[in-house]
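Since the structure comes first, as structure tokens, the remarks are kept for the end.
Reminder, nothing fancy here: chain letters follow the sequence lines and each chain counts from 1.
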Amino acid sequence: MTEPVRDDADLLAALRREPALMGLLYERHAPDVHRYLARRAGGAAADDLLADVFVAALAARKRVVPHESGSALPWLYGIARNILRRYLRQSARANPPSGPPGLDWDAVDSRLDAQSQQAQLRKAIDVLSESERDVLLLVAWEGLTPAEAGAALGISAVAARSRLHRARLRAQNVLADRSLERKENLT
Amino acid sequence: MTELDDLLTAAGSVGTASVATLTRGRGVLDDAIRATGSPVRSDEMDEILADARDDFIPLQAIRAKARRGPAIWLTAAAVAAAFALTGTVVWDGEDSGSHAGGMTPLTADRLRIPFTLDPSAGVQLIGYRTSSGVASAILADDQHLLQLDITADRFTVVPSTAVVDINGRPGVVETNMQTVGTASASASAGQPPTTASASATPANSSFPTTSITWPDQTGHKLLLQGLGTPVGKAYALRVARALDFGGGGHTLRSAISVGSVPDGAHLAFVDFGYHQVGPEPPIRITSAAWSSTAEYYLDNGRGFTITVEGADGTGTSKWAVGADTPDAQQVTVGGHGGYWSPSQQSIALTLDKSSNTYLVVAFHGTTDAGQPAFGVPEPSDRSGGSGTYEQLQRIVESVTVAGKPLDSTTWFDAADALPLD
């Protein structure tokens, strides 16, 4: 008889006593966490940082507060965010970033086809505060709900929704302005 | 979909982590998971070390911290087990005040540490390191250096007198400590602490004998130990060279031979030097009986009694080790009272055991430069407390055995065997 599959909430609740359960969470979520890291810091860095996230999560397992959705991902993304910020700070000291802090823009740019796309996205993201950018990307890239993104960022669901709304509005305004500029330049 | 969504989708398009990456990450995590069973987390050890850095570390301090969790409790158990080996563990509880033949099994309260170290033992945690899931704590008093290798389910005690590797500084830990014996005590992480009852037993009978064996194989033996500091080391080395025991080496280790103590042998332990803190006199004499199984101090009903009396009638101390002491020796030392200084009277040492007794003379004190051993501040008002080489030499030369002075000639001339009888 096979054992019943334990959901994230169950694993998180038992993690304090059974650290080995972190292995199950790894099996379940490592690909997502890796993508989170790769989107922001590039694949090579993500390869190195992946284990750091789970080791840090292991160390913090006694403090975990499962999100009401039951998913462990908001918690893991929150930890990944801290790991990533530390990595980016260290990287910035060695190699000053070419764009606004908080992302490895070279890694982001490499995934965009045209130079114009890169410039547009940078402009749009550049106007956002760090918290606005984080919530926007957690929803857009990681597929979290605003509430889950808020949990990852340690803010309330209401605040997350508000920041997401503001972020989208500001980014879209920038893009609209640039679009208008391009049309004017053509005429 | 808006232009923003299009851009974000394109920019967020990344591949999946390779199998190799996921496997590697899992391996790292698994190592970390295993390490969580290790009773010593580096942050906890940091705290302890910080506390210990400038002061001795009585086990009470560890005990207080132990209440936070079983991990550090295990550390304390390991410490207790280690010092059960060295006889410096005393009961902390109903039997407080007396040594007994072993350590009581810990009770159901897993966080309770029913042991305390006599603060005068001057136990220090001088360093730690972690490697491959093994946390090693290095503790020392002025007689012993112990390495506790602690993993998830057991700890191993490695007694060593290879103090040459301390570099004379606190917190500096070299990894090449000499292993002269090992002892293990079962202690399972997450298990009731009864499994950590510290049945610590040396794996061989050469318990800390980084020492010199007096060549007279029929009578008393003289073991010399350089303890704790370069001074003690240098002094023992000097004697070793005089006795031509592998002399000429540059370190104590290369100069000495490791003596093994035969069955039924008895030890009289004298250490010369200064205790940095605590009410104990600077001279302590202990004796121990052990068998080939080297059940040392533990549960064998063959404990011993040590009596140290101050010549001035004050400060009488008594260590009764083991309730049943058929082979006990009565070792009486006169001449201490408070902190003993080189200028004080001679020491009269009497051994009533007529044969097969080892007199272990240990030299320790402070560094040649007058710095205190293990970095413990030395009160400036303590006469002679700097414990220089010359001062220690004077201490040794002031010793009398059975009324006969042990002058330097006696010590350094092998032909003039130590007449303990």
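For a residue to count as touching a neighbouring chain, one of its non-hydrogen atoms must lie under 4.5 Å from one of that chain's; by this rule A:Leu136 touches chain B with the side chain only.
A heavy-atom distance below 4.5 Å is not found between the side chains of B:Arg26 and A:Leu50. Side-chain contact between B:Leu22 and A:Glu27 is absent, with no heavy atoms from C-beta onward closer than 4.5 Å.
Atom OG1 in B:Thr21 sits 11.5 Å away from atom CG in A:Leu49 (nearest 0.5 Å).
Among A:Val55, A:Val53, A:Asp32, A:Asp52, the residue with the largest count of heavy-atom pairs under 4.5 Å with chain B is A:Val55.
Contact detail for A:Ala140 and B:Leu8: the closest heavy-atom pair is CB-CD1, 3.7 Å.
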